Amino acid sequence: MLLTGTHLAWKYVVLILLYSINSSFASPNQRVLEESEVAPSKLSVKLKDVYELVLNFFRPVTCRQKDEQTLIPCTVGESLNITECLKNKCCHSKTSHELKCYMPLKDNMQLTFRLLVLVAGGLLILGCLPLCCCAFLQRSQCLNPLRRTNKEVEQIVRKKKARSKDIYGPLLD
């Protein structure tokens with residue numbers, strides 16, 4: 001299959017977007033693996049896991065404090081070490097030699113970016129869908145009458161082939 005430059009460029013754009021979306025949407029409150037733990041080799045997708053992923057996608061959080069945002073202490077306790085703080089999906093900060101655990105803050109900028117990418121991707125798909133359908137239907141032999149073989153032309157070609165065999169057959173022998 002021969003790809004034109006535009007098709008190849010669009011495939012690279014889609015791959016780059018998917019890679020950047022996957023890497024930039026990592027949640028700061030992901031579960032931290034202990035040194036003794038091993039990541040599971042077989043992935044079993046459960047409805048609860050999918051629900052949490054969708055919820056994390058539409059409710060992004062960050063540990064970066066912006067202008068005058070109040071920090072809410074984590075419910076498990078303020079004086080935890082970094083690992084315990086991250087296990088409980090909280091953020092940690094070091095201020096004046098004292099570790100504090102606080103709840104992650106809403107990230108409205110990340111939510112805006114995610115919704116923009118989602119809407120733009122949906123519009124791109126909806127815009128390309130009719131073009132792809134038309135291209136497929138145009139190449140289809142059962143739906144496009146111009147792609148079907150014409151029986152009259154086929155009979156004429158058969159007669160010419162038969163006639164040429166009759167005329168040139170003895171010469172070739």
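Quick caveat: nothing in here was measured; it's all calculated off a predicted structure. Counting begins at 1 with the first residue of the sequence.
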Original post:
Is any side-chain heavy atom of Leu105 closer than 4.5 Å to a side-chain heavy atom of Gln65?
Top reply: yes

Original post:
Between atom CG of Leu137 and atom CZ of Arg139, what is the distance when rounded to the nearest 0.5 Å?
Top reply: 11.5 Å

Original post:
Of all heavy-atom pairs between Lys106 and Thr62, which one has the smallest distance, and what is that distance?
Top reply: O-CG2, 4.5 Å

Original post:
With distance as the sole test, does Tyr102 use its side chain to make a donor-acceptor pair with the main-chain N or O of Cys63 at under 3.5 Å?
Top reply: yes

Original post:
Is it true that atom CD of Glu52 has more than 12 heavy atoms of other residues, nucleotides or ligands lying nearer than 6.0 Å?
Top reply: yes

Subject >> More than 12 heavy atoms from other groups under 6.0 Å of CD on Glu154 >> reply: yes

Subject >> Leu86 side, atom CG; Cys91 side, atom SG - distance, nearest 0.5 Å >> reply: 8.0 Å

Original post:
With distance as the sole test, does Asn88 use its side chain to make a donor-acceptor pair with the main-chain N or O of Cys90 at under 3.5 Å?
Top reply: no

**OP:** Would you mind listing the cluster partners of Ile156? Hydrophobic ones only (ILVMFWY), side-chain contacts under 4.5 Å, chaining allowed.
**Re:** none

Original post:
Do the non-hydrogen side-chain atoms of Phe58 and Leu118 ever get within less than 4.5 Å of each other?
Top reply: yes

**OP:** Tell me, yes or no, whether the heavy-atom count around Leu143 atom CG, taken from other residues, nucleotides or ligands under 6.0 Å, exceeds 12.
**Re:** yes

**OP:** Check whether any side-chain heavy atom of Val61 sits under 4.5 Å from a side-chain heavy atom of Asp107, and report yes or no.
**Re:** no

Original post:
Is the side chain of Thr112 donor-acceptor paired with the backbone N or O of Asn108 at a distance under 3.5 Å, no angle test?
Top reply: yes

**OP:** Report the distance from atom CG of Leu129 to atom CG of Leu124, rounding to the nearest 0.5 Å.
**Re:** 11.0 Å

Original post:
Can we say the SG-SG distance for Cys74 and Cys101 is below 2.5 Å?
Top reply: no

Original post:
Is it true that the NZ or CZ of Arg114 lies under 6.0 Å from the centre of Phe57's six-membered ring and within 45 degrees of the ring axis?
Top reply: yes

